[in-house]
Structures are given as C-alpha cells and as structure tokens.
Protein chains: 2
Amino acid sequence: MTAAPTAVRIGLDVGGTKIDAVALDDAGAVVARRRSATRGGADGVVDSIRDAILRLDRGGAAVAAIGIGVPGQAHGGVVRHAVNLGVEELALADAVSTLFDVPVAVENDVKAAALGAHALGDGTGSLALLNLGTGVAAGIVADGALLCGRHGAAGEIGHVAVDPAGPSCRCGQTGCIETLAGGAAVSARWGRPGDTVREIFDAADAGDPSAIRLRGDVARGAAAAIRLLALAVDPDRLVVTGGVAGLGERLRSAIADELRRSSATSPFLRSLHLDTRVEMLPSASPAAALGAALLDARVLV
Amino acid sequence: MTAAPTAVRIGLDVGGTKIDAVALDDAGAVVARRRSATRGGADGVVDSIRDAILRLDRGGAAVAAIGIGVPGQAHGGVVRHAVNLGVEELALADAVSTLFDVPVAVENDVKAAALGAHALGDGTGSLALLNLGTGVAAGIVADGALLCGRHGAAGEIGHVAVDPAGPSCRCGQTGCIETLAGGAAVSARWGRPGDTVREIFDAADAGDPSAIRLRGDVARGAAAAIRLLALAVDPDRLVVTGGVAGLGERLRSAIADELRRSSATSPFLRSLHLDTRVEMLPSASPAAALGAALLDARVLV
C-alpha cells in the first residue's frame with residue numbers, strides 16, 4: 001500500500017480549447033489527471049487555470065509547485081502572442097502564484113511536452129520532440145534538461161528554410177519547413193476553408209493530385225525537420241506530436257517513407273536509421289501536462 | 001606575484017600539419033603554449049603528441065590531465081576516419097594515458113574549439129561555433145557544457161540539405177550546406193586543383209563570374225548554417241572559425257550581407273539581428289587547444 005502524498009506538483013497543458021491538468025507525487029508519478037475547458041482572454045485563462053487546479057482531485061495533498069505549458073512564447077513567466085488563448089501579453093506566473101502562493105513556472109507547450117515525453121521514457125539521455133501543429137517547432141531535452149536558449153527560442157526550426165523554390169512563409173522567408181508541414185500553411189495552400197490536414201490526407205488517399213502533392217510536402221517537411229534535429233542534436237529519441245500528428249500511423253509511415261527515399265543515395269544518412277527511429281506520441285499522452293509539472297527542473301540557457 | 005602552478009592541464013589541438021599545445025593552471029589561465037609539427041599515421045600521431053607535451057614549458061608543474069582535439073570522429077577515446085592524420089582507427093586516449101599515466105579525453109576538434117571559444121568569452125551561457133574548413137560542422141555549448149549527443153554526432157549540420165536544386169554532396173544527398181560552404185566542395189566545383197577558397201574570393205574580386213557565384217554560395221551556405229543554429233539552439237554567441245574562415249573580414253562581411261539579404265522580407269529574422277552578431281574567431285586563437293584542456297568538464301549526451 002502506497003501512502004497518499006502530502007504534497008503534489010501540478011502541471012497544466014493549457015490549449016486553445018482544453019486544459020489537461022495532472023498532479024505528480026514526489027516520485028514523479030501521475031496521481032491525478034483531469035481535463036477541463038479553457039476560456040479565452042487574459043482573465044479567462046487565469047480563471048480556467050484556477051478552476052482546473054481546484055477541481056483536480058489531489059486527495060487532500062498540498063500544492064507544492066505549479067507548472068504551466070502555453071501555446072505561445074513564454075519567457076520569465078510572461079506569456080506573449082498566444083493567439084489561440086486570445087492573449088497578447090500576460091504575466092501568468094505572477095497571476096497564478098498570487099492565487100496559490102506557490103512557485104509557478106510557465107513555458108511554451110512544445111518545450112513542456114518534450115520534457116514530459118522524456119520523463120515518460122526512462123528519463124535518461126536526450127530527446128527531440130517535433131511538434132506538427134498549426135505551426136512547426138521542436139523541443140529539445142539534452143542530458144535530462146530542457147534546452148531553452150538565450151531568448152527562450154531554442155527549437156524554432158519551423159522557420160529553417162529548406163527549399164529556395166518552396167512556398168512563401170508567413171514569417172517572410174521562402175521554403176521554411178513550416179510551409180511544407182505546418183497545419184495552417186498546408187490548409188491555406190489546399191484552399192478549402194475548414195479542411196484540416198486529415199481531409200487533405202483523405203483526398204490524397206482518394207487520388208486527388210493536389211492533395212497527393214501536399215501530403216508529400218508534409219512528409220518532406222517533417223523529414224527535413226527530423227534530419228535537422230538528428231544532425232544538430234544527435235538525440236537518443238525522435239518523437240513527433242501535435243495536431244497534424246493526430247493522423248498517427250498514416251503520418252508516421254509517410255514520414256518514414258520520405259526518410260527512406262531521401263537516404264536512398266546516402267550511406268551516411270542510412271547509417272542514422274531515422275526511418276525506424278521516429279516515434280509518434282499517442283494523442284492521449286499526458287506528456288505536455290507532465291512536462292509542465294517538471295518545469296522547475298534544470299534548464300539549459 | 002602569482003605562484004607557479006604545481007599541476008597543469010594540457011590541451012592539444014592536433015591538426016593535419018600542426019599541433020597547438022597549451023598548459024592551463026587551476027584557474028584555467030594559459031600558462032604555456034607551443035606549436036609543433038604533426039607526423040601522420042597512428043604511431044606518428046601518438047609520437048607527435050608525446051613530443052608536444054614533453055616540449056611544452058610547464059615550469060616543473062606536474063601534468064594533471066590531458067585533452068586532445070582531433071580532426072575526425074572521436075567517441076569513447078577512439079579516433080576514427082581522421083583522414084588528415086592518416087588514421088583510420090586509433091585508441092588515442094589509451095595510448096596517451098599509458099605514456100603519461102593521467103586521464104586523457106579525446107574529442108572532435110570542432111567541439112573542442114566551441115568549448116574553448118566559450119571559455120575565452122566570459123564563460124557563461126551558450127555558444128554555437130560554425131567551422132568552415134574542408135567540411136562544415138558546428139560545436140554547441142549550452143549552459144557551459146558541450147553538447148555531444150548520443151553518438152557524438154551533435155553539430156553535424158554540414159549535411160543538412162537546404163536546396164533540392166543544389167550541388168550533389170559527397171555524403172550522397174543534394175544541396176547540403178557543405179556543398180555550398182565547405183572548402184573541399186567549393187574547390188572541387190571551381191575545378192582548378194590546388195586553388196583554395198581564398199583564390200576563389202580573389203578571382204571573384206577580379207570579376208570572374210564563376211568565382212562570384214561560388215563566393216555567393218559560400219556566404220549562402222554559411223548564412224543558412226548560422227540561421228539554423230540560431231533557430232535550433234538560440235545561443236548567446238555565434239562564432240565562425242575554420243580554414244575558410246581564415247579569410248576573416250572578407251568572409252564575415254559576405255556572410256553578414258547574405259544574412260541581411262535573406263532577412264529583408266522577414267521581420268522575424270530581422271528581429272534576431274544575426275548579421276551583427278556573427279563573430280570571427282581570430283586564426284591565431286588558442287580556442288581549440290584550450291577547449292581540449294577543458295574536455296573533462298560536464299558534457300551533454
């Protein structure tokens with residue numbers, strides 16, 4: 001029989017529509033998990049977070065610390081440009097710390113998910129997590145610590161340009177990885193409002209030539225990101241997540257095929273065995289919330 | 001008056017023709033430096049290293065530890081595929097440790113140079129060092145520690161492909177950064193045996209259209225590498241070194257011009273101010289030897 005924890009660390013993954021909240025005991029095990037709705041705007045977000053924490057069944061344990069992952073920039077506890085939350089700027093760590101009187105850490109949700117995916121493995125070594133969502137970004141964990149970078153911008157590989165003849169990017173460059181594999185860019189190129197990458201993959205399966213081309217670009221962009229992460233960081237694990245990654249095996253096999261195709265002429269690339277190393281994070285994984293609860297661990301600047 | 005150290009750490013940068021050797025005191029200050037010739041082959045390399053250490057004037061101090069940077073792969077103290085040294089495989093750490101009976105660390109010279117360049121700064125935060133030599137690779141220091149990766153391959157960004165219509169690479173891919181900015185690839189494309197990148201830059205200055213195109217490619221490849229490192233790692237410092245970098249200000253200004261050109265349409269890229277942040281490591285810098293002496297510090301796997 002395990003004794004109930006006397007204090008827990010809370011982690012929240014705050015998305016545009018849902019909050020995923022977990023409580024961790026001292027050993028880092030998830031002892032409670034609850035999903036709830038997100039309300040938009042600065043006040044709405046703070047209220048939603050408060051409610052999510054209060055409604056999490058932590059069995060009477062005190063709250064020792066809170067970590068929050070957000071879809072946007074987070075530096076020094078301040079959230080900026082979180083379009084999906086309707087937040088332009090919000091001192092979120094201060095706001096939540098005032099409510100619960102405990103330390104609060106805030107980080108970009110992709111970085112939090114990388115930390116969580118690492119903890120869900122054996123918790124050793126390194127991991128790069130590629131997020132294929134509305135945009136494209138990565139989270140990097142080296143030697144168990146999150147690589148944040150000087151401006152908190154480490155992992156912004158969606159805006160590495162890989163094709164001078166590629167599509168124009170919203171960032172102003174041409175041929176960024178995000179123009180090939182980012183959900184928003186791919187949907188815009190498809191030109192049917194409301195269709196997501198899933199509908200495009202369905203149309204490709206049905207033989208639509210334009211959809212087949214876009215599906216190839218998604219795989220090409222994701223494969224470029226995987227190669228880049230493998231070469232720059234040489235991590236133990238390469239994990240793919242995000243809304244686009246909800247396609248699961250359909251996406252994994254397309255990326256693996258593209259990795260095989262692109263290494264057909266390169267013994268060097270083949271020696272990295274990337275096609276068999278890519279893991280998809282299950283869409284129900286608590287990685288982002290779990291990683292948020294671990295944000296007070298060591299980071300690499 | 002500073003007392004002479006009782007023990008020193010030795011660092012060696014072993015190049016194809018020269019060894020740069022330094023001795024560091026406890027505070028990490030260089031108390032001796034000496035350059036000597038490298039002899040090729042496994043036995044020649046070990047003998048050259050022994051002589052370099054014995055001839056370094058360390059004022060009677062004992063040798064506490066030895067670190068060696070080599071132009072090739074180095075993992076677990078074993079050097080592989082060091083073409084410039086005439087070495088296919090050599091258990092270098094064991095060989096030198098037997099001679100001096102102290103711990104010996106061996107690492108790729110680009111990684112050692114990154115650690116040294118970091119120490120030559122204020123020794124805090126992060127740094128990415130781009131080596132433009134025969135090939136192209138980077139060394140990454142995050143939070144003061146060297147990023148090595150699972151297979152010691154972190155930083156191999158020369159083989160990130162950035163142009164599907166680019167030149168074929170010796171690695172079997174197309175449009176790798178190295179095909180644009182690596183000395184061997186650029187010289188091969190120039191087609192005049194014996195000419196280095198310096199002669200190509202000279203010909204470009206004299207108006208040769210082919211040389212102007214190659215000079216543009218060098219800048220384009222180097223700029224792509226700088227953007228990639230800035231986005232993936234977000235380091236405090238971006239430093240360029242290597243044989244090609246011996247061109248100094250001629251190369252720095254070409255890279256800075258290309259970084260400005262490529263960010264002209266991108267407010268996002270302009271916000272990173274990469275064009276003014278690139279530093280050239282002086283060609284006489286002891287960074288690689290100094291970094292080799294620091295190899296026993298913490299690394300990130």
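Each chain gets a letter, A, B and so on, in the order the sequences are listed, and its residues count up from 1.
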Side chain / backbone / both / neither for A:Ile140 at chain B, heavy atoms under 4.5 Å = side chain
Pick one of side chain, backbone, both or neither for A:Ala153, based on which atoms fall under 4.5 Å of a heavy atom in chain B.
-> both
In terms of heavy-atom pairs under 4.5 Å with chain B, which of A:Ala165, A:Gly166, A:Gly158, A:Ser266 leads?
-> A:Ser266
Enter the distance from A:Gln173:CD to B:Phe268:CZ here, rounded to the nearest 0.5 Å.
-> 7.0 Å
If you count heavy-atom pairs under 4.5 Å with chain A, which of B:Arg170, B:Arg270, B:His151 comes out on top?
-> B:His151
Are the side chain of A:Asp234 and the backbone N or O of B:Gly152 linked by a donor-acceptor pair below 3.5 Å?
-> yes
Sort B:Leu269 into side chain, backbone, both or neither according to what part of it lies under 4.5 angstrom from a heavy atom of chain A.
-> side chain
Nearest heavy-atom neighbours spanning A:Leu228 and B:Val160 = CA-CG2, 4.2 Å
With the threshold set at 4.0 Å, does a side-chain nitrogen-carboxylate oxygen contact exist between A:Arg150 and B:Asp236?
-> yes
Region of A:Pro267 in contact with chain B, defined by heavy-atom distances below 4.5 Å | both
Would you mind telling me which of A:Leu231, A:Ile157, A:Asp163 has the largest number of heavy-atom pairs within less than 4.5 Å of chain B?
-> A:Leu231
In terms of heavy-atom pairs under 4.5 Å, which option from B:Ala154, B:Ala264, B:Ser168 contacts chain A the most?
-> B:Ala154
Does any heavy atom of chain A fall under 4.5 Å from the side chain of B:Ala232, the backbone, both, or neither of them?
-> both
